[in-house]
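Taking it in order: structure first as structure tokens, then the write-up.
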Amino acid sequence: MPELPEVETTRRGIAPHIVGEKVAKLVVRNDRLRWPIPKDLASTIKGEQLRSLTRRGKYLLLEFDAGYVLWHLGMSGSLRVLPPGQQASVQTHEHVDLCMANGVVLRFHDPRRFGAVLWASHPVFEHDLLSHLGPEPLSEDFDWQYLYQKSRKRKQPIKTFVMDSKVVVGVGNIYANEALFAAGIRPTKPAGKLTKAQAEILVEEIKKVLARAIEQGGTTLKDFIGGDGKPGYFAQQLNVYGRGNEPCVNCQKPLKEIRMGNRTTVYCSQCQS
DNA sequence: AGTATCTCCTGCGTGC
DNA sequence: TGCACGCAGGAGATAC
């Protein structure tokens, strides 16, 4: 399930193989993703040179002279590079191939089809899906003063608050749970009740957990495949996620597991307040 | 405006 | 062995 670290890992893995190359063709075997893939996308980018591959939140941005392809992996999506001449047969749920002039094929696999492949003309950041996004969590714009100010008078639980992409992008369920545990803050705490000190440590822990995950190249979650086609090798220790009722790593008290906004939430009632 | 709920989809684990 | 069922999850859409 791609969270920001997996998307970034994918970006880094595939970029060297495709940036600077021209598009030979886009093959769409199934256009029914979260939104339909535009019918004319293939003709729009055919022959165009890929100028850069960047990321905004969990969106990959493929830059061409005329505009951008926005590529979101959704919850179960993965991209892998098939080297030139390696004619791997198409497996089920492999919905899209981006074929480059150098023979490299970028293949999209997405069983649950929550992903998206869309076109955005210039300026890309004014696109409806990007214009409202909050700062990148690893950027300097995301600091404790920002989080503190933004959370004032907000009654929403801090966990759903930091998972809101308008507040900050890229903090999914796994890392929200982990960062709140590391910060010693209870997920249910109203965002507006955070102290300055808590805002400071939470921002720090969010950055730490994401940066560590990127360093390690993604999670071990089972359907992640790295940009080089190898399985994810991320072995970051998860202290709370998936450990409901198991002992807290700090105090051994059984971890609480609750539902918040339809998402599994795990915390230690003794270590988080 | 802020907040909570619903929704898209398929694979997997569980219980009968 | 097979079925029904619940759950997982990003984030936009919708409803208060």
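Every heavy atom of this structure was used, including side-chain atoms; hydrogens, water molecules and symmetry mates were not. Below, chains carry the letters A, B, ... as their sequence lines are ordered, and counting in each starts from 1.
- Partner of A:Ser269 under the side-chain hydrogen bond (donor to acceptor under 3.5 Å, both in side chains) criterion, chosen from A:Arg186, A:Lys253, A:Lys256: A:Lys253.
- With C:dC7, C:dG10, C:dG12 as the choices, the nucleotide that has an atom nearest any side-chain atom of A:Trp35 turns out to be C:dG12.
- Rounded to an integer number of Å, the gap from A:Leu33 CG to C:dA11 C1' is 15 Å.
- Nearest-nucleotide positions on DNA chain B place A:Gly261 closer to the 5' end than the other of A:Gly261 and A:His93.
- In this structure, of B:dT3, B:dC8, C:dA11, it is C:dA11 that holds the atom nearest to the side chain of A:His72.
- One can place NE2 of A:His127 at 11 Å from P of C:dG12, the figure rounded to the nearest angstrom.
- Distance CD (A:Glu257) to C1' (C:dA8): 12 Å, rounded to an integer number of Å.
- Between A:Gln156 and B:dT3, a side-chain N or O to OP1/OP2 separation shorter than 4.0 Å is present.
- Spacing between atom NE2 of A:His132 and atom C1' of C:dA11 amounts to 8 Å, rounded to whole angstrom units.
- Heavy atoms of A:Tyr59 sit under 4.0 angstrom from primed sugar atoms or phosphate atoms, though from no base atom.
- A side chain to side chain contact (heavy atoms under 4.5 Å, CB included) with A:Leu26 is found for exactly one of A:Val96, A:Asp97, A:Thr44, A:Val69, namely A:Val96.
- A 4.5 Å side-chain heavy-atom check between A:Leu33 and A:Phe108 finds at least one atom pair inside the cut-off.
- Partner A:Glu94 forms a salt bridge (Lys or Arg N to Asp or Glu O under 4.0 Å) with one of A:Arg29, A:Arg113, A:Arg80 and no other, that one being A:Arg80.
- Taking every side-chain heavy atom of A:Lys58 into account, C:dA11 is the closest of B:dT3, C:dA11, B:dT10.
- For A:Thr264, no side-chain nitrogen or oxygen approaches OP1 or OP2 of C:dC7 to under 4.0 Å.
- Checked by atom type and distance alone, the side chain of A:Arg11 pairs as donor or acceptor with a backbone atom of A:Leu53 at under 3.5 Å.
- In this structure, a donor-acceptor pair under 3.5 Å is absent between the side chains of A:Lys22 and A:Asn102.
- Look at NZ on A:Lys150: it is 11 Å from P on B:dT3, rounded to the nearest Å.
- Protein atom CZ of A:Phe114 is 12 Å distant from nucleotide atom C1' of C:dC7, rounded to whole Å.
- One can place CG of A:Leu133 at 15 Å from P of C:dG10, the figure rounded to the nearest angstrom.
- When the nucleotides C:dG12, B:dT7, B:dT10 are ranked by their closest atom to the side chain of A:Arg113, B:dT10 comes out on top.
- In this structure, A:Pro157 and A:Arg34 both approach DNA chain B, and ranking their closest nucleotides by distance from the 5' end singles out A:Pro157.
- When the nucleotides C:dA11, B:dT3, B:dC9 are ranked by their closest atom to the side chain of A:Arg154, B:dT3 comes out on top.
- Atoms CZ (A:Arg112) and P (C:dG10) sit 10 Å apart, rounded to a whole Å.
- Nucleic acid contact for A:Thr160: none, since no nucleic acid atom lies under 4.0 Å from a heavy atom of the residue.
- One donor-acceptor pair, N or O on each side, does fall under 3.5 Å between the base of C:dG10 and the side chain of A:Arg263.
- The listed nucleotides are B:dT3, C:dG10, C:dC7; the one nearest the side chain of A:Met163 is C:dG10.
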